[in-house]
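Throughout, numbering of the chain's residues begins at 1 and tracks the sequence.
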Amino acid sequence: MARKKNSQSAKKPAVPEPQLSPHSTEAAFLALKPALDALPQSALRQPNFNLQQGALVALAAHGLLDKPEKQAILEALGKAGVVNVELVANLAMVARAAWFVRHKLDLAEAVHSDAALPAQLVTDALETRKRMLKVLEYHLDADAQAQGLLAGIRAGSGHVDLANDLIALADMYEDHENEIRSDKKNYRVADTANARKLADDIIGTLGGSTTPQTQEWRNYQARVFTLLEKHHEEAIRVGRFLYWYEGGDELFPTMFSAVRSRPAKKEVEGEEVATPQVPGGEATP
């Protein structure tokens, strides 16, 4: 018989605020570098969201599990062979390394993409993104799930995120065509295909003119994300169980779902968009 969640349970525990510093993140990366280098190329996966924000989600999960009362249970589950305690214990280190790798990739791409991308391509991409956001935000204002996705899209920064945003917006246009096609002001039927083409052009231009620095850090991004996902999935599995009566599903979301629903404010290209804050460390580039 399936267990029912206790509706009279205590308030959900506060998610600890991750604390990062440039030194701790670089140290974590250097400690993990041999393990990252040893991962087979065939197993690597690139994230489809900002990896720094994903790292903060993973650190929050670690903070919830790194409590004396939870550690005792984890140790018992580990001895019983139910949980891989090592994966959970090392989650924070992998998350810090992931934050550092994305930081280095952002710095490399900022220098490279400004020189590599034609100005007109960037202008067209930003205008298309802005127009599609307006359409979706207006017509889907009562759709909480859609608004969460849009908040995540607005959180993007940099040209690689711009390409990802255009792809995500094109997907949403297709999913909500019936709700938005009546818009006479900003909706353009060609924007779905145009957004995908602009994203392809951005990715193709950057990929075709990569520098050794961007290539190196993109490779490490795939490596550290592949490792982080493995550690975080184990934390999600055990965390949802241990916090079953306290909203475990909400406290331990996947990195993708959490990043795509996290708003904060930043000014970019004349728009107010979202950006994560890193307490005690560098601001997200």
Side-chain angles (χ1 to χ4, degrees), residues 16-63 65-66 74 78 83-113 116 157-161 164 203 206-207 209-239 254-256 258-259 275-285:
E17 187 177 30
Q19 299 293 319
L20 295 181
S21 74
H23 303 295
S24 70
T25 57
E26 183 175 14
F29 169 73
L30 292 175
L32 280 175
K33 191 174 181 296
L36 297 175
D37 290 336
L39 291 173
Q41 193 72 30
S42 59
L44 304 186
R45 296 180 62 244
Q46 284 285 359
N48 56 354
F49 52 83
N50 186 295
L51 188 56
Q52 282 189 327
Q53 295 182 53
L56 295 180
V57 174
L59 282 170
H62 179 269
L65 295 174
D66 192 30
L74 278 171
V83 174
N84 188 324
V85 178
E86 185 177 354
L87 288 179
V88 178
N90 291 330
L91 176 60
M93 179 187 291
V94 181
R96 288 186 171 90
W99 193 94
F100 177 77
V101 168
R102 176 61 194 237
H103 168 64
K104 296 294 287 186
L105 176 58
D106 281 348
L107 291 179
E109 286 184 336
V111 174
H112 169 57
S113 61
S157 61
H159 293 140
V160 174
D161 280 347
N164 289 332
I203 294 169
L206 292 177
S209 59
T210 186
T211 66
Q213 290 76 22
T214 56
Q215 188 172 5
E216 176 187 14
W217 290 110
R218 283 177 195 167
N219 179 52
Y220 273 119
Q221 176 173 252
R223 290 180 180 278
V224 75
F225 172 64
T226 301
L227 194 60
L228 177 61
E229 192 172 42
K230 180 180 180 180
H231 285 255
H232 190 233
E233 283 178 351
E234 185 71 354
I236 289 174
R237 188 172 72 86
V238 68
T254 65
M255 284 183 282
F256 175 82
V259 168
T275 184
Q277 297 299 316
V278 183
E282 300 172 74
T284 303

Participant: What are the two closest non-hydrogen atoms of Gly54 and Val259, and how far apart are they?
Facilitator: N-CG2, 3.5 Å
Participant: Got a second to check how far Arg96's CZ is from Leu91's CG, nearest 0.5 Å?
Facilitator: 9.5 Å
Participant: Looking at Leu39, is its backbone amide N or carbonyl O close enough to the side chain of Arg223 to form a donor-acceptor pair, meaning the two atoms are under 3.5 Å apart?
Facilitator: yes
Participant: Please tell me if the side chains of Leu74 and Val83 come closer than 4.5 Å, counting only heavy atoms from C-beta onward.
Facilitator: yes
Participant: Output, in order, the C-alpha distance, side-chain angles, deciding distance and verdict of side chain to side chain contact (heavy atoms under 4.5 Å, CB included) for Asn48 and Asn164.
Facilitator: CA-CA 7 Å; Asn48 56 354; Asn164 289 332; 5.8 Å; no
Participant: Rounded to the nearest 0.5 Å, what separation is found between the CZ atom of Arg45 and the CG atom of Leu227?
Facilitator: 13.0 Å
Participant: How close do Ala31 and Met93 get, counting heavy atoms only, and between which atoms?
Facilitator: CB-SD, 4.4 Å
Participant: State whether the side chain of Gln221 and the backbone N or O of Arg102 hold a donor-acceptor pair below 3.5 Å, judged by distance alone.
Facilitator: no
Participant: Return the NE2 to CG distance between His231 and Leu87, rounded to the nearest 0.5 Å.
Facilitator: 5.0 Å
Participant: Counting only heavy atoms not in Gln46, do more than 12 fall under 6.0 Å of its CD?
Facilitator: yes
Participant: If I take atom CG from residue Leu44 and atom CZ from residue Arg218, how far apart are they, to the nearest 0.5 angstrom?
Facilitator: 15.0 Å
Participant: Is there a side-chain contact between Met255 and Leu228 in this structure, where contact means two heavy atoms from C-beta onward sitting under 4.5 Å apart?
Facilitator: yes
Participant: Any donor and acceptor pair, going by atom type alone, linking the side chain of Gln213 with main-chain N or O of Ala108 inside 3.5 Å?
Facilitator: no
Participant: Does anything in residues 24-51 pair up under ring-ring contact (aromatic ring centres under 6.0 Å, His included), and if so which pairs, sequence neighbours excluded?
Facilitator: Phe29-Phe100, Phe29-Trp217, Phe29-Tyr220, Phe49-Phe225
Participant: What's the shortest heavy-atom distance between Val224 and Leu51, and which atoms?
Facilitator: CG1-CD2, 3.7 Å
Participant: Could you list the residues that satisfy salt bridge (Lys or Arg N to Asp or Glu O under 4.0 Å) with Lys230, not counting sequence neighbours?
Facilitator: none
Participant: From Thr214 OG1 over to Lys104 NZ, what is the distance, rounded to the nearest 0.5 angstrom?
Facilitator: 13.0 Å
Participant: Could you tell me whether a side-chain N or O of Asn50 sits under 3.5 Å from a main-chain N or O of Gln53, the two making a donor and an acceptor?
Facilitator: yes
Participant: At their closest point, which heavy atom of Leu32 faces which heavy atom of Ala97, and how far apart are they?
Facilitator: CD1-CB, 3.7 Å
Participant: Which distance, rounded to the nearest 0.5 Å, do you find between the OG1 of Thr226 and the CD of Gln41?
Facilitator: 9.5 Å
